[in-house]
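Since this is a predicted model, take the numbers as computed values, not measurements. The chains referred to below are lettered A, B, ... by the order of the sequence lines, with proteins before strands, and numbering in each begins at 1.
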Amino acid sequence: MKKYMPFITLGFFLIFPMLGVSTYVMHIFILLLMWTTIGMSWNLLSGYCGQVSFGHAAFFGIGAYTSGILYSKLSMSPWLGLPLSVFTVGILSFIIGLAVLRLRGPFFALATLASGEVFRVTAENMEWLTSGTLGIMLQQRLWVSKLPYYYIILSITVAVFLLMKYLLSTKLGYYFVAIREDQDAAESLGINTTLYKTIALIVSAVVTGIAGAFYMNYMGYIDPHIVFALHDISIITIMIVMVGGVATQWGPFIGAVIMVLLQEVVRSIPGLGAMHQAIFGGLLIFIIIFLPNGIVGDFKKIKRFFGLRSA
Amino acid sequence: MVQLEVFLQTLVSGLLLGGLYALIGLGMTLIMGVMKIINLAHGELMMVAMYIAYWLFTLLGIDPYLAVFIASPALFILGVLIQKYLITPVIKVESILPENQVILTVGIGMVLASLATVFFKSDYRSTPVDYASVTWYLTDYWANSPIELSISLLWAVSFFFSIMITIAMWFFLSRTDIGKSIRATSQDSDAAILMGINVNRMRSLSFGLGAAIVAAAGCLFIPLYYLYPALGGQFTLIAFVITILGGLGSNVGAIIGGLVLGVFESMTSTYIGMGWAPVGRFSIFIAALIFLPGGIASLLHRRRFGK
């Protein structure tokens with residue numbers, strides 16, 4: 001059963017739109033897949049390689065703005081942003097990495113957080129390029145139907161899933177885990193930690209950037225406060241993986257399902273909307289204290305709690 | 001001459017701002033030194049204190065500067081509770097990522113900020129004290145002065161109080177028994193246990209003290225600034241930049257770091273543009289990481305032991 005899970009899930013996602021669901025459900029599924037992609041990229045850098053990033057909004061935003069600027073300043077198709085963001089995000093994340101990868105643990109986390117904020121403020125102030133806080137809006141989205149967007153993000157998600165699986169089965173994956181467990185020991189075993197941390201950062205950033213470029217094309221509007229948001233992007237990314245399961249293959253997916261659904265539920269109940277940060281914060285505190293490895297990572301603990309299997 | 005005037009005025013307001021920043025940084029550096037964790041809810045704790053000061057002023061007419069004596073003890077208790085019931089359990093839990101504690105403080109901050117939004121709405125609030133517009137001009141005291149400088153009474157008072165609290169903290173940490181125990185815990189907690197220090201108690205105490213200090217900073221800030229629930233995040237970042245700039249866990253470093261940051265920020269807003277001040281803040285942060293990884297504390301250290 002476990003062996004066939006990926007195929008069953010993939011099959012479900014492939015035929016799902018043919019069940020004649022409403023556009024709202026399609027929208028939720030598109031968001032779900034997008035967050036799964038971002039979660040997987042964060043999981044590579046932070047879950048497997050141990051470099052906890054609080055600044056994935058920076059990469060998401062750069063990707064989105066690559067797409068947006070192509071459209072607004074160069075009058076080209078914003079879809080070109082998807083391949084192009086690989087280069088812009090790749091180069092910028094390399095530069096960020098030069099500064100922040102010298103740091104360890106919490107200091108790395110905070111330095112990435114700061115870099116996310118730097119990009120937000122820069123995007124707000126460089127009005128000639130980014131139109132500042134006005135943001136960039138697509139006059140017309142390519143498709144009215146959600147279906148093409150759905151299959152595009154589905155193929156991106158599947159590709160990223162396979163990429164992560166491949167990367168972690170190679171030597172690279174073992175290097176990452178070695179760095180997470182003990183950076184000094186890894187270094188003394190001859191692993192070039194700086195190189196591999198940079199690789200993890202760039203791969204992770206590029207994937208997030210592609211998701212950002214997709215977001216621009218799908219939503220049709222971005223401004224610095226949306227795409228460089230600390231709480232709504234960076235922290236949600238962390239929560240998705242923390243809730244789902246750090247350093248697990250399916251963690252980001254499970255986490256994205258829970259978080260996206262929770263977000264929608266909270267939004268749909270009047271009076272609860274203002275509380276959403278408190279609910280997310282409370283959930284985060286709960287997960288960290290009781291299920292520090294997430295739902296997938298601590299699945300045995302959950303089972304034991306419900307008495308399904310005595311320990 | 002006008003150029004010089006602008007420069008000096010910027011320098012003065014930068015120093016005044018820096019004095020308050022130093023106080024914010026001091027609380028964080030204390031927690032970081034003893035607990036070895038970064039408290040990302042620091043700004044939110046300050047926000048809570050500012051709301052206490054605001055309501056005391058609005059409902060009871062208590063001056064924000066006097067509110068220090070109520071808000072600080074309140075936040076001390078809140079800090080001890082957070083440490084005891086949230087952070088200590090997490091330190092014991094086995095997990096893949098050691099940064100869990102940092103992420104936990106993010107969660108605490110989110111809850112605090114969101115509850116403030118729910119209870120107090122996102123309105124901007126301020127405490128209009130009646131002496132707010134009093135300003136001293138240099139020409140009033142020295143009629144022939146070639147340049148004109150002004151200092152607002154509020155800023156001066158806040159700066160003065162912040163310096164007093166900093167000195168009191170320094171005295172507490174270096175001269176009293178409890179202060180020495182806290183410093184011993186931050187230097188080497190295992191050795192501190194062997195010396196008979198109740199390390200857990202010291203940790204709670206220092207988290208509470210850090211919260212109390214930032215609460216004092218909040219009370220000093222509120223007459224000068226306005227208050228809204230999301231205000232915490234930016235001050236958390238400021239506190240963190242100061243701690244990195246000053247050197248981790250160094251009190252003198254935090255004070256100098258706060259002053260440097262205040263001056264730097266006010267220079268960027270004068271000469272580059274208001275909106276760029278946060279970028280200036282982070283560029284100084286990244287520059288500190290690259291060129292001075294040990295912070296200002298390492299410079300002081302080098303001079304002391306260099307000979």
Side-chain angles (χ1 to χ4, degrees), chain A residues 46-48 50-52 54 96 98-100 102-103 105-111 113-115 117-118 120-122 124-125 132-133 180-181 230-231 234-235 238-239 241-242 245-248 271 274-294 297-298, chain B residues 32 36-38 40-41 85-87 89-90 92-119 121-122 229-230 233-234 236-237 240-241 243-244 248 272-283 285-287 289-290 293:
Chain A
S46 308
Y48 288 102
Q51 311 298 313
V52 174
F54 276 67
I96 294 174
L98 283 183
V100 299
R102 305 156 168 263
L103 301 163
F107 305 109
F108 173 84
L110 277 247
L113 191 153
S115 68
E117 294 290 289
V118 167
R120 180 174 61 80
V121 179
T122 311
E124 269 170 31
N125 286 287
T133 40
R180 177 187 77 200
E181 291 302 321
L230 174 63
H231 281 114
S234 298
I235 305 287
I238 296 173
M239 284 195 66
V241 185
M242 293 297 294
V246 176
T248 55
M275 291 275 293
H276 81 281
Q277 295 281 10
I279 294 169
F280 288 178
L283 176 68
L284 189 58
I285 294 173
F286 174 84
I287 287 280
I288 288 175
I289 293 180
F290 295 104
L291 301 171
N293 297 324
D298 280 332
Chain B
M32 197 185 287
K36 310 285 177 237
I37 70 163
I38 296 169
L40 279 188
Y85 292 105
L86 294 174
I87 296 178
V90 171
K92 290 178 195 148
V93 162
E94 281 281 310
S95 73
I96 294 178
L97 292 178
E99 280 79 12
N100 268 0
Q101 296 141 17
V102 182
I103 301 177
L104 177 78
T105 60
V106 173
I108 296 170
M110 278 163 79
V111 172
L112 289 178
S114 174
L115 289 180
T117 318
V118 172
F119 289 123
K121 306 281 174 289
S122 341
Q234 96 194 57
T236 306
L237 283 175
F240 179 66
V241 173
T243 349
I244 291 286
L248 305 169
I272 300 175
M274 271 310 250
W276 287 96
V279 176
R281 188 185 299 162
F282 292 126
S283 47
F285 166 69
I286 291 180
L289 286 179
I290 295 173

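- Put simply, of T236(B), V90(B), L104(B), I244(B), the one with the most heavy-atom pairs under 4.5 Å next to chain A is L104(B).
- Ranked by heavy-atom pairs under 4.5 Å with chain B, the list H276(A), M242(A), R120(A), E124(A) is led by M242(A).
- For E181(A), the side chain to side chain donor-acceptor pair (under 3.5 Å) test picks out no residue, with sequence neighbours left out.
- Proximity to chain B is limited to the side chain of L113(A), based on heavy atoms less than 4.5 angstrom apart.
- P292(A) and N100(B) make their closest contact through CB-ND2, 3.7 Å (heavy atoms, listed as atom of the first residue, atom of the second, distance).
- V52(A) is not listed as a side-chain neighbour of V102(B), based on a closest heavy-atom distance of 4.5 Å or more.
- Only the side chain of N293(A) comes within contact range of chain B, with at least one heavy atom under 4.5 Å from a heavy atom of that chain.
- Heavy atoms closer than 4.5 Å to chain B are found in both the backbone and the side chain of A114(A).
- The parts of F280(A) that come within reach of chain B are both its backbone and its side chain, each placing non-hydrogen atoms under 4.5 angstrom from that chain.
- Distance check, rounded to the nearest 0.5 Å: CD1 of I285(A) to OG1 of T105(B) gives 9.5 Å.
- In this structure, chain B has a heavy atom under 4.5 Å from the side chain of I238(A), while its backbone stays farther away.
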Name every donor-acceptor pair, under 3.5 Å, that has one atom in a side chain of residues 108-119 of chain B and the other anywhere in the protein, sequence neighbours excluded.
residue	atom	partner	partner atom	Å
S114(B)	OG	A274(A)	O	3.4
S114(B)	OG	A278(A)	N	3.0
T117(B)	OG1	A113(B)	O	2.8

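- Only the side chain of L237(B) comes within contact range of chain A, judged by heavy atoms closer than 4.5 Å.
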